[in-house]
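In what follows, a single structure is set out as structure tokens and then discussed.
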Amino acid sequence: MKTIDELLAEGVSGKRVFVRADLNVPLAGDTITDDGRIRAVQPTIAKLAEAGARVIVASHLGRPKGAPDPAFSLAPAAKRLGELLGQDVAFATDTVGSSAKETVAALTDGQVAVIENLRFNAGETAKDDAERGAFADQLAELADVYVGDGFGAVHRKHASVFDLPARLPHAAGSLIATEVGVLKQLTADVKRPYVVVLGGAKVSDKLAVIDELLGKADRLLIGGGMAYTFLKAKGHEVGISLLQEDQIPTVLEYMARAEKNGVELVLPVDILASADFPDLKAKTPAEYVTVDADKIPADKEGLDIGPKTRELYASKIADAETVFWNGPVGVFEHPDYSGGTRAIAQALVDSSAFTVVGGGDSAAAVRTLGFDENAFGHISTGGGASLEYLEGKTLPGLAALED
């Protein structure tokens, strides 16, 4: 896999360099609420611009249905990228149409442009190879060189991620090189004890990575909505908590394997439970009770881990040498249910271990809760990509960058 430094050594001045970034940032209207992904790719774009490349930045944002949708425009991301770069960034209002072609043609050495959301074109995500390839052909006409740096999308077999690199000389950007280097530390020659904290809503989203980690991790700490399927599997009442009853047989099998393999699988011992899911916009005070994890009232749902569990999980992290965390352990968006996620983040900060926050909601949580990003070993830009790498899967976007 060619690195961006090798590409720069060959010379990029005057060349049109297509950078597949991940600018899939959360928006409240036109306001970016977390610019972490833009800041993560900015160094790669800056290196290319400083070397005299004519940089074309492309990304997806959200899940539009293969057609333009103003709610998913990349215009706010382009504006923020310009602020970070300290230069005007041109913006094309389409992907491969007249605006994109004219915007790219107008670039001079060292200038940067962003083209509109790739998913406004159905060819980007098409299952049909020919349709996807046709869109990649159109994208290839815009550029001379391809740089892959959108780690959050490398697990997708999409036109700009998988097909386009085959059509252009290509290299991996700085972000992808960093992400892959970190993930290798979680899969090969791991320093132990190796502790993994898994949260999030659905246990089904994490089954494959749990399956893989049962042979690699020393401890698995389970939280979030997925914990209630584990508690139910142990025969506990979970009330109206989020539950995937069809996954209970698999969870039981995993718990048995954990015991057999000597992997410590730790579940919540107490829960914050309420009859009502909180209003995340109003953030009005919540009414809840703190109960033992095996005594959740039948008319209530668990919304966060309780104080005893926070202390327990912090103690299980304290002596770790490596920690990977993916998924909030409660409804962190509401202040009354953010305590568990805050406690996990603080435990990672306090630890002397190599700590990795696995992207997605976990990365958003640490920023939302005011933690210094530099206090963690690494904050990933791709939750799904990180998990699939840990599962041992071949990621299309990484395979496409191999020579």
Side-chain angles (χ1 to χ4, degrees), residues 7 11-25 27 30 32 37-38 41-42 44-62 64-126 131-150 153 158-161 163-171 173:
L7 177 66
V12 293
S13 181
K15 292 184 178 180
R16 300 170 301 163
V17 180
F18 187 104
V19 178
R20 195 350 175 148
D22 180 8
L23 309 180
N24 185 27
V25 292
L27 295 171
D30 292 334
I32 296 171
R37 283 176 169 160
I38 303 176
V41 75
Q42 184 263 347
T44 290
I45 296 168
K47 281 183 182 180
L48 290 166
E50 289 165 6
R54 303 177 183 191
V55 187
I56 304 129
V57 182
S59 176
H60 69 287
L61 192 153
K65 305 299 182 182
D69 183 339
F72 297 106
S73 175
L74 279 173
K79 179 182 177 182
R80 180 58 181 146
L81 177 60
E83 293 169 352
L84 292 169
L85 291 171
Q87 65 164 278
D88 290 335
V89 168
F91 181 67
T93 56
D94 56 27
T95 56
V96 291
S98 58
S99 179
K101 292 174 183 176
E102 291 167 7
T103 301
V104 171
L107 289 175
T108 59
D109 295 0
Q111 288 190 326
V112 179
V114 174
I115 63 174
E116 187 54 284
N117 193 335
L118 292 164
R119 291 184 183 175
F120 285 2
N121 189 303
E124 170 68 1
T125 59
E131 183 181 357
R132 213 175 52 246
F135 183 49
D137 287 338
Q138 291 178 291
L139 291 172
E141 291 176 5
L142 298 175
D144 305 305
V145 180
Y146 176 94
V147 171
D149 215 27
H158 291 171
S160 66
V161 175
D163 301 274
L164 185 55
R167 289 158 168 78
L168 294 170
H170 49 265

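The chain is numbered in sequence order, starting from 1.
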Selection residues 72-93 - residue pairs positive for side chain to side chain donor-acceptor pair (under 3.5 Å), sequence neighbours left out:
D35-R80, S73-E116, R80-E83, T93-S99

Can you tell me how far the [atom1] atom of [X] sits from the [atom2] atom of [Y], to the nearest 0.5 Å?
{"X": "N121", "Y": "T95", "atom1": "CG", "atom2": "OG1", "answer": "4.5 Å"}
{"X": "H158", "Y": "L164", "atom1": "NE2", "atom2": "CG", "answer": "14.0 Å"}
{"X": "N117", "Y": "D94", "atom1": "CG", "atom2": "CG", "answer": "12.0 Å"}

Could you report the tightest heavy-atom contact between [X] and [Y], atom names first, then the distance?
{"X": "F91", "Y": "A75", "result": "CZ-N, 3.6 Å"}
{"X": "V89", "Y": "G82", "result": "CG2-CA, 3.5 Å"}
{"X": "V114", "Y": "L23", "result": "CG1-CD1, 4.5 Å"}
{"X": "A67", "Y": "P64", "result": "O-CB, 4.0 Å"}
{"X": "F18", "Y": "A58", "result": "CZ-CB, 3.3 Å"}

Could you tabulate the donor-acceptor pairs under 3.5 Å formed by side-chain atoms of residues 134-148, not counting sequence neighbours?
residue : atom : partner : partner atom : Å
D137    : OD1  : R167    : NE           : 2.6
D144    : OD1  : R16     : NH2          : 3.0
D144    : OD2  : R16     : N            : 2.8
D144    : OD2  : R16     : NE           : 3.3
Y146    : OH   : S160    : O            : 2.7

Under the side-chain hydrogen bond (donor to acceptor under 3.5 Å, both in side chains) test, residues paired with [X] that sit two or more places apart:
{"X": "T108", "value": "Q111"}
{"X": "D163", "value": "R132"}
{"X": "D22", "value": "R37"}
{"X": "D69", "value": "none"}

Taking salt bridge (charged side-chain N to carboxylate O under 4.0 Å, His left out) as the definition, give me every residue that meets it alongside K47, ordered by chain and number, with sequence neighbours left out.
D5

Would you check if L27 and L61 make a side-chain contact, meaning some heavy-atom pair closer than 4.5 Å?
yes

Should I115 and T103 count as side-chain neighbours, where that means a heavy-atom distance under 4.5 Å?
no

Dump the intermediate steps for side-chain contact (heavy atoms from CB on, under 4.5 Å) on D149 and I45, then the final yes or no.
CA-CA 9 Å; D149 215 27; I45 296 168; over 6 Å; no

Trace of the side-chain contact (heavy atoms from CB on, under 4.5 Å) decision for V41 with V57:
CA-CA 10 Å; V41 75; V57 182; 5.9 Å; no

Does L118 form a side-chain contact (heavy atoms from CB on, under 4.5 Å) with R20? I'd like the steps, not just the answer.
CA-CA 10 Å; L118 292 164; R20 195 350 175 148; 3.7 Å; yes

Salt bridge (Lys or Arg N to Asp or Glu O under 4.0 Å) contacts in which one or both residues fall within residues 97-112, not counting sequence neighbours
R54-D109

